[in-house]
Protein chains: 2
Amino acid sequence: MKKRFHKEIFDRIPEERRKNLLETAIHEFAHHGFDNANINTIAEKAGISVGSIYKYFDTKKDLFLTCVHHGVETLEQVLNEVLVSREPLLVKLEKIIRLIQEHSRSQRHLIMLYNEITAESNSELTWELAAEMETISARVYSSLVEQAQKEGIISGEYSPRLFSFFLDNLFMMLQFSYACDYYRERFKIYAGEDILEKDELVVEQLMKFIKASFNP
Amino acid sequence: MKKRFHKEIFDRIPEERRKNLLETAIHEFAHHGFDNANINTIAEKAGISVGSIYKYFDTKKDLFLTCVHHGVETLEQVLNEVLVSREPLLVKLEKIIRLIQEHSRSQRHLIMLYNEITAESNSELTWELAAEMETISARVYSSLVEQAQKEGIISGEYSPRLFSFFLDNLFMMLQFSYACDYYRERFKIYAGEDILEKDELVVEQLMKFIKASFNP
DNA sequence: AAGGTATGAGTGAGCGGTCACTCATACAAC
DNA sequence: GTTGTATGAGTGACCGCTCACTCATACCTT
């Protein structure tokens with residue numbers, strides 16, 4: 001995660017101004033998508049001029065990428081804390097589920113942004129950014145699973161890579177199901193109108209599901 | 001699925017012309033997204049005039065919705081054949097996985113289109129359409145699971161609705177992982193560059209995963 | 001300290017390009 | 001002639017981006 005898409009001047013402006021612009025932009029991109037988000041509106045809402053934005057970023061896309069980058073870093077940070085800790089696998093997984101629930105609410109627009117980019121075709125730069133994140137979590141999950149297999153917690157019949165893939169699929173969908181409009185509706189259709197308030201039930205049921213899958 | 005977003009005249013034009021326009025439009029929307037797909041380009045590629053398109057549809061959105069509607073119907077049809085058949089649950093599930101693999105390749109742009117709409121915020125019409133689809137599969141899955149619980153195949157400790165939600169999450173992600181660019185890359189990162197050619201392995205591993213989850 | 005000067009961040013009206021949509025015209029069928 | 005359909009150049013709204021200008025601040029010079 002070394003890439004930078006902003007001009008140097010963006011680093012030098014007051015913290016407050018920088019943070020404000022980023023938050024506004026993330027909000028707009030998350031709610032309207034890349035194309036429908038309007039630079040002029042972002043400028044207005046952030047209380048700065050369009051000119052300034054173009055002093056900080058070469059293009060609209062660069063502003064967008066900086067937002068994504070910011071989001072990726074934030075998510076990664078949160079996840080890593082749990083993954084790196086010295087706790088049993090099942091405890092870690094449960095913590096991740098709870099983190100997803102919490103994070104999807106407090107940083108909802110970041111996850112919407114993330115969902116956004118999974119749909120966007122042919123924007124290689126955007127992928128690259130996100131691919132970096134996926135690579136990291138893929139490696140961490142896979143090694144966790146391998147470790148668990150050695151300890152006999154997870155059956156050796158599994159390909160550790162596919163197993164972590166399935167796991168992460170469940171987590172990713174859960175994230176979207178709390179944060180993104182479409183997936184929220186779908187979540188409610190499946191599990192009832194009030195499912196978004198039944199966090200404990202979801203944790204319990206998903207843990208049961210995952211735990212059972214360990215040993216066919 | 002009764003809604004119609006096209007004018008009556010669209011029903012009256014030659015089959016060939018109608019099919020051609022729909023396919024072209026689906027292709028364009030799937031590859032460029034709703035906003036970046038260009039009506040003028042669609043007209044050109046389909047070999048008809050812009051004017052005609054606006055004789056058949058009131059707005060760009062209506063053309064889009066007709067495409068989505070078409071996709072949803074196609075997917076639904078394929079899925080239902082399996083779900084309604086009189087076979088053991090595990091056989092059904094395995095068939096679904098194989099269908100996903102096949103369908104994601106032959107109708108790739110339909111699934112890209114589906115992915116597309118999950119990302120689009122606040123477009124009530126789009127939801128409605130897809131919600132209808134989700135509702136049907138949610139009901140079918142849930143009743144399958146309940147049935148299996150009665151037969152003692154799936155543990156009674158599960159909420160049937162959440163269990164089918166998790167199942168469908170796995171299927172949905174699998175679909176995207178075969179069809180959509182971003183998810184394909186992610187799939188490869190997790191499971192290796194050649195995973196898209198290892199269909200049998202995926203079936204076997206996913207079935208193991210699902211089957212194990214039945215009984216905690 | 002006062003006056004002179006240089007710097008560069010900040011501004012927003014406006015340019016230019018794109019694209020959804022219209023409409024005057026042409027054509028065909030009867 | 002009338003009705004139904006097809007056409008694509010044209011229109012205008014919209015929006016990313018530019019650029020000529022402002023002005024606060026910092027740094028001289030005397």
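In what follows, every chain begins at residue 1, and chains take the letters A, B, ... in the order their sequences are listed. Hydrogens, waters and symmetry mates play no part in the numbers below; they use all other heavy atoms, side chains included.
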Trainee: What does A:Phe10 touch in the nucleic acid at a heavy-atom separation under 4.0 angstrom: a base, only the sugar-phosphate, or nothing?
Mentor: nothing

Trainee: Restricting to side chain to side chain donor-acceptor pair (under 3.5 Å), what partner residues turn up for B:Gln107, sequence neighbours left out?
Mentor: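 Result, side chain to side chain donor-acceptor pair (under 3.5 Å) vs B:Gln107: none returned.
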
Trainee: B:Glu8 CD to D:dG4 P: how many Å, rounded?
Mentor: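 So the CD-P distance, B:Glu8 to D:dG4, works out to 12 Å.
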
Trainee: Write down the distance between CG (B:Asp11) and P (D:dT5), rounded to a whole number of angstrom.
Mentor: 12 Å

Trainee: In whole Å, I'd like the distance from the CD1 atom of B:Ile42 to the P atom of D:dG8.
Mentor: 17 Å

Trainee: Between B:Glu134 and A:Glu185, is any pair of side-chain heavy atoms under 4.5 Å apart?
Mentor: no

Trainee: For A:Ser49 and C:dG10, is the shortest distance between a side-chain N/O and OP1 or OP2 below 4.0 Å?
Mentor: no

Trainee: Just call it for A:Tyr56: base, sugar-phosphate, or nothing, with non-hydrogen atoms closer than 4.0 Å on any strand.
Mentor: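 If one applies the 4.0 Å heavy-atom cut-off, A:Tyr56 turns out to touch the sugar-phosphate alone, with no base involved.
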
Trainee: Does a nitrogen or oxygen in the side chain of A:Arg17 sit under 4.0 Å from OP1 or OP2 of C:dA9?
Mentor: no

Trainee: On the 0 to 90° scale, with breaks at 30° and 60°, tag the B:Tyr114-A:Tyr182 ring pair as parallel, tilted or perpendicular.
Mentor: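 Rings of B:Tyr114 and A:Tyr182: perpendicular, over 60°.
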
Trainee: Measure CD1/A:Ile53 against P/D:dC19 and give the value in whole Å, please.
Mentor: 18 Å

Trainee: Determine the interplanar angle of the B:Tyr56 and B:Phe10 rings, folded into 0 to 90°, and report it as parallel if under 30°, tilted if 30 to 60°, perpendicular if over 60°.
Mentor: tilted

Trainee: Taking the six-membered ring for Trp, are A:Phe176 and A:Tyr183 parallel (under 30°), tilted (30 to 60°) or perpendicular (over 60°)?
Mentor: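 Aromatic pair A:Phe176/A:Tyr183 classed tilted.
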
Trainee: Checking B:Phe209 now: which residues fulfil ring pair (Phe, Tyr, Trp, His ring centres under 6.0 Å) with it, not counting sequence neighbours?
Mentor: A:Phe163, A:Phe166

Trainee: Round to a whole Å and report the spacing from CD of A:Glu44 to P of D:dC15.
Mentor: 12 Å

Trainee: For the pair made of CD1 in B:Ile9 and C1' in D:dA6, what is the distance, rounded to whole Å?
Mentor: 9 Å

Trainee: Could you work out which one of D:dT7, D:dG4, C:dT11 sits closest to the side chain of B:Arg12?
Mentor: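 My answer, after comparing the listed nucleotides, is D:dG4.
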
Trainee: Any idea which of D:dA6, C:dA9, C:dT11 is nearest the A:Ile48 side chain?
Mentor: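 Of all the options, the side chain of A:Ile48 is nearest to C:dT11.
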
Trainee: Treat primed atoms plus P, OP1 and OP2 as sugar-phosphate and everything else as base, then score nucleotides 19-26 of chain C 5' to 3': B for base contact with protein heavy atoms under 4.0 Å, S for sugar-phosphate contact only, - for none.
Mentor: SBBB----

Trainee: Determine, using ring centers only, whether A:Phe64 and A:Phe57 are less than 6.0 Å apart.
Mentor: no

